[in-house]
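The structure appears below as C-alpha cells.
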There are 2 protein chains.
Amino acid sequence: MFTFDQLAGFIAVAEELHFGRAAERLNMTQPPLSRQIQKLEKIIGTELLERDNRKVQLTPAGEAFMEEAKRLMALANRAPVTARRIATGRSGHLRVGFTAASGFSILGPLLEEISEIIPDVDIDLQELVTGEQIQGLLTGGLDLGLARPPFDRDVFDSHLLYKESMMLAVPSGHHLADLARPIGDSDISDEPLIMHSPTKATYFYDLVVRMFPIQHANVIHTVSQILTMVSLVAARRGVAFVPHSATLLAIKGVEFLPLAGMESEQPVELHAIWNRKVVNPALRRLLQDLEFRTE
Amino acid sequence: MFTFDQLAGFIAVAEELHFGRAAERLNMTQPPLSRQIQKLEKIIGTELLERDNRKVQLTPAGEAFMEEAKRLMALANRAPVTARRIATGRSGHLRVGFTAASGFSILGPLLEEISEIIPDVDIDLQELVTGEQIQGLLTGGLDLGLARPPFDRDVFDSHLLYKESMMLAVPSGHHLADLARPIGDSDISDEPLIMHSPTKATYFYDLVVRMFPIQHANVIHTVSQILTMVSLVAARRGVAFVPHSATLLAIKGVEFLPLAGMESEQPVELHAIWNRKVVNPALRRLLQDLEFRTE
DNA sequence: TCAGGTGATACCCGGAAGGCATCATGTTTA
DNA sequence: TAAACATGATGCCTTCCGGGTATCACCTGA
C-alpha cells in the first residue's frame with residue numbers, strides 16, 4: 001500500500017510539473033521526492049508521470065490517479081475533523097424521550113434551546129411514558145428523558161425543568177364553573193370522576209389521591225393520557241384533575257378551574273433525567289451548556 | 001497525518017473489538033498494534049476506542065471515524081486498479097473523428113468491434129472533415145480519425161479500412177436509368193452536375209475530375225457533403241458522383257447507377273489514421289488488438 | 001486468593017526515508 | 001561549437017519510525 005506522503009508528493013509534482021518546485025512546496029529536497037514518486041509508481045504498477053530531462057507531464061493513468069489521490073487527501077483531512085466534532089458533541093445524534101404532557105409546554109422551548117447549543121446534532125424525539133424512558137436510558141436506547149419522579153437517583157442524574165399546579169377540567173357550562181372561588185374537596189364529592197390509571201400514570205394517580213379525598217365510587221373512567229382525559233371531559237363524561245399545562249390544549253367544550261390550596265403549591269414536576277454514565281458527547285456538551293447540575 | 005497502516009489497524013480492532021485477535025488478523029503482534037491505535041488517537045485528537053482490561057468498544061467519535069476509515073481504505077484500494085486499467089487501455093477515453101460518408105457504412109461495425117476490444121472505454125464521436133481530423137490528431141484533441149488521403153505519412157500511421165467504387169446518383173425515372181449498361185463518359189456530357197467542392201471535399205473532387213471528363217459548364221451546384229448531394233439529386237437538380245456507400249442512404253427519389261470502368265476498380269479509400277506518437281493507452285491497445293499495422 | 005486474560009510499557013533492532021553530494025543528459029548561450 | 005545551465009536520478013550516510021520479545025498492570029471469575 002502507498003502512503004499519504006507519497007500521495008502528497010505525487011499531487012505536488014503533478015500540480016507543479018516540476019520536481020524541484022514540488023519538493024520546495026513540501027519542505028523537502030528533490031532527491032527523496034524523486035524516489036518517493038518512483039516507489040509510488042512501482043506500487044501502483046504503472047507510470048504516472050512522464051519525465052525527460054526537460055519537462056514533466058502526466059500520463060493518462062496519472063491523470064486518473066490524480067483525481068483519486070486528491071479525493072483521498074480531502075477525505076483524510078476531513079475525517080479527523082468529523083471525529084473531533086462528534087467527540088466534543090458538536091455533531092452526532094441525541095435521542096430524547098418525552099411524556100405526552102410535557103409536549104404541550106416545555107418541549108418546544110427546550111428543543112429551541114438545544115438546537116442553539118448543539119445545532120449540528122440530530123435530535124430523535126420519542127413520546128414515551130416515564131417507565132419506558134427509564135428503560136431506554138438504562139439500555140442506552142435513549143440519551144435524555146423528560147419524565148416525572150420517581151427514578152433511581154443512584155443511576156440517574158436529573159434537573160427540575162418545570163413545576164405546575166393541578167387544575168380541574170370540567171365541561172363547558174358545568175355548574176362548578178359558576179362558582180367565583182377555587183374548587184374545594186366538598187364541591188366534587190358527588191361529581192363523576194375521570195381518573196388516572198394507577199399503573200400506567202402512577203405519578204398523577206399518586207399525586208391526586210394524596211392531595212384530594214377521592215370517592216372511588218365516583219370514578220367512571222381510568223385512563224393514562226392527559227389528552228384522553230380532556231377529551232372525555234369535553235364529551236361531558238365527568239370532571240378530571242389535570243396539570244396546568246393541559247390548559248394549553250385548545251379543546252372545545254372544556255373549562256379549567258383552579259383548585260383550593262393550589263394557589264401557592266405546584267406539585268406537578270417534570271425533570272430532565274439522564275444516565276449518570278453519560279457516553280454521548282453531544283449530551284455531555286448540552287448538559288454543560290444548559291448548566292444542569294445534580295439537584 | 002495518520003497512515004494507512006494505522007487506519008487498517010483501527011478498522012481491525014474496531015471490528016474484532018479485541019487487540020489480540022485484530023493483531024493476529026493483521027499478521028503482527030499485539031503491542032505495536034496498541035501503540036498504533038494510541039498514535040492514531042493522538043493524531044485525530046480524540047479517543048476512538050474505549051478500553052478497560054475487560055472489553056473494547058467504540059466511542060461515538062470512533063464510530064464516525066470508522067465509516068471514514070473504511071471509505072478511505074476502499075478508495076485507496078480502488079485507485080491503483082483504476083490507474084492500471086487506464087494505463088493498459090482497458091478503461092479511459094477515446095476520441096474518434098469520422099467523415100460523414102464513413103458514417104453510412106463502416107462506422108457502425110467498427111464501433112461494435114471497438115466496444116468488444118475495449119468495452120470500458122468511453123468513445124467520443126465527432127463528425128469532422130478530413131482536414132479537421134488531421135488538425136485534431138496533431139493537437140491531441142483527437143485520438144483516431146476515419147479519413148481520406150492525403151495525409152503526412154511521417155506524422156501519421158494509418159490502416160486502409162475500406163475501398164469502394166463510385167456510383168452515379170440520378171433522380172428516379174431519369175432516362176439514364178433505362179440503360180441496361182454502365183454509364184459512360186458520353187452519357188453524362190449533357191447532364192446537369194452536382195459537384196464536390198474543390199476546397200472542402202478535395203478528395204472526392206480530385207478523384208472525380210481525374211476519372212471523368214467533367215464539363216465544368218454543366219456544374220450547377222458545388223457542395224461538400226454527400227448527403228447534401230443526394231438530397232439535391234432527389235430534388236431533380238441534376239446527377240452526382242457519389243461513393244457506393246451512399247446507396248445505403250434510403251433517400252426516396254434517387255437511383256444509383258454503375259459507372260463504366262468501375263467494375264473492378266474501387267478508387268474511394270477510407271483510412272483509419274492516428275498520430276505515430278500514440279499516447280492514449282486505450283488507442284494503443286485497440287490498434288494492437290485490431291492488428292492495424294503501417295501499410 | 002490465585003490463575004487467566006487483556007491491554008500497556010520497556011527495550012532492542014532493522015529498514016525506510018530524508019539530506020547532501022554528485023551524476024547524466026539535454027538545452028541554451030556566448 | 002563548447003561551455004554553462006537546468007533538471008531529474010543515484011550513491012551514501014544518518015536518523016528515526018515501527019515491529020518483535022519480554023514483561024507489567026489490572027480486572028475478573030473460580
Side-chain angles (χ1 to χ4, degrees), chain A residues 1-59 61-62 65-66 69 72-73 76 80 277 279, chain B residues 1-59 61-62 65-66 69 72-73 76 80 277 279:
Chain A
M1 176 64 66
F2 46 85
T3 71
F4 283 107
D5 284 346
Q6 287 164 353
L7 288 183
F10 171 70
I11 291 172
V13 176
E15 284 180 352
E16 298 286 347
L17 293 178
H18 189 289
F19 279 71
R21 279 196 300 277
E24 196 176 347
R25 198 170 106 181
L26 295 166
N27 294 315
M28 62 191 290
T29 55
Q30 169 266 319
L33 180 58
S34 283
R35 281 179 306 220
Q36 219 177 42
I37 303 292
Q38 288 164 13
K39 192 166 286 188
L40 177 62
E41 289 180 324
K42 194 164 188 178
I43 291 168
I44 302 301
T46 187
E47 285 218 328
L48 300 173
L49 293 162
E50 208 180 320
R51 42 224 195 259
D52 55 27
N53 284 328
R54 209 67 219 153
K55 67 182 192 302
V56 176
Q57 61 180 16
L58 282 164
T59 64
F65 191 74
M66 178 70 172
L72 270 166
M73 291 303 283
K277 183 175 141 290
V279 289
Chain B
M1 176 64 66
F2 46 83
T3 71
F4 284 107
D5 284 347
Q6 288 164 353
L7 288 183
F10 171 69
I11 290 172
V13 175
E15 284 180 353
E16 298 286 346
L17 294 178
H18 189 288
F19 278 71
R21 279 195 300 277
E24 196 176 347
R25 200 170 107 180
L26 296 166
N27 294 314
M28 62 190 291
T29 54
Q30 168 265 320
L33 180 57
S34 282
R35 280 179 310 213
Q36 221 177 40
I37 302 294
Q38 287 165 13
K39 192 167 288 188
L40 177 62
E41 288 179 325
K42 195 164 187 179
I43 290 168
I44 302 301
T46 187
E47 285 218 329
L48 301 173
L49 293 162
E50 208 180 322
R51 42 223 194 259
D52 55 28
N53 283 326
R54 211 69 218 149
K55 69 182 191 302
V56 176
Q57 63 179 16
L58 283 163
T59 64
F65 190 74
M66 178 70 171
L72 270 166
M73 291 303 283
K277 185 175 139 292
V279 289

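Just so it is clear: chains get the letters A, B, ... in the order the sequence lines come, proteins before strands, and each one is counted from 1.
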**Complete:** Outermost contacting nts on DNA chain D, any atom under 4.0 Å from chain A heavy atoms, listed 5' then 3', are D:dT7 to D:dC12
Distance, nearest 0.5 Å, that separates [atom1] of [X] from [atom2] of [Y]:
X     : Y     : atom1 : atom2 : value
B:T46 : B:I43 : OG1   : CD1   : 13.5 Å
B:L48 : B:L58 : CG    : CG    : 8.0 Å
B:L26 : B:R21 : CG    : CZ    : 13.0 Å

Of all heavy-atom pairs between [X] and [Y], which one has the smallest distance, and what is that distance?
X     : Y     : value
A:R54 : A:D52 : N-OD1, 2.8 Å
A:M1  : B:A76 : SD-CB, 4.1 Å
A:L7  : A:A69 : CD2-CB, 3.9 Å
B:A22 : B:L33 : CB-CD2, 3.8 Å

**Message:** Applying salt bridge (Lys or Arg N to Asp or Glu O under 4.0 Å) as the test, list every pair that has at least one member in residues 2-14 of chain B; sequence neighbours left out.
**Reply:**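 For residues 2-14 of chain B, and leaving out neighbouring residues, there are no salt bridge (Lys or Arg N to Asp or Glu O under 4.0 Å) pairs at all.
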**Asked** Around B:E24, counting heavy atoms of other residues, nucleotides and ligands shown, do more than 12 lie under 6.0 Å from its CD?
**Response**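 Counting other residues, nucleotides and ligands, CD of B:E24 stays at 12 neighbours or fewer.
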Please list each protein N or O that sits under 3.5 Å from an N or O in nucleotides 23-30 of chain C, with the distance.
unit_1 : atom_1 : unit_2 : atom_2 : d
C:dT25 : O4'    : A:N53  : ND2    : 3.1

**Item:** Qualifying side chain to side chain donor-acceptor pair (under 3.5 Å) pairs with a residue from residues 35-44 of chain A, counting only residues at least two apart or across chains
**Value:** A:E41-A:R51
**Item:** Partner set under side chain to side chain donor-acceptor pair (under 3.5 Å) for B:S34, not counting sequence neighbours
**Value:** B:Q30
Starting from [atom2] on [N], measure out to [atom1] on [X] and report it in whole angstrom.
X     : N      : atom1 : atom2 : answer
B:D5  : C:dA16 : CG    : C1'   : 13 Å
B:F19 : C:dT9  : CZ    : C1'   : 14 Å
B:Q57 : C:dG7  : CD    : C1'   : 15 Å
B:R21 : C:dT6  : CZ    : P     : 7 Å

**Prompt:** For residues 4-24 of chain B, which residue pairs qualify under ring pair (Phe, Tyr, Trp, His ring centres under 6.0 Å), counting only residues two or more places apart or in two chains?
**Reply:**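 Residue pairs with at least one partner in residues 4-24 of chain B: A:F2-B:F4, A:F4-B:F4, B:F10-B:F65.
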**Item:** B:E15: partners by side-chain contact (heavy atoms from CB on, under 4.5 Å), with sequence neighbours left out
**Value:** B:I11, B:R25, B:M66, B:K70
**Request:** Identify, residue by residue, the members of residues 25-44 of chain A with a heavy atom below 4.0 Å from DNA chain D, and return them in order of residue number, or none.
**Result:**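 A:Q30, A:P31, A:S34, A:R35, A:Q38, in order of number.
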**Message:** Using C1' atoms of five pairs at each end, report the bend of the helix from C:dT1-D:dA30 to C:dA30-D:dT1 rounded to 10 degrees.
**Reply:**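 Overall, the helix from C:dT1-D:dA30 to C:dA30-D:dT1 bends by 20° from one end axis to the other.
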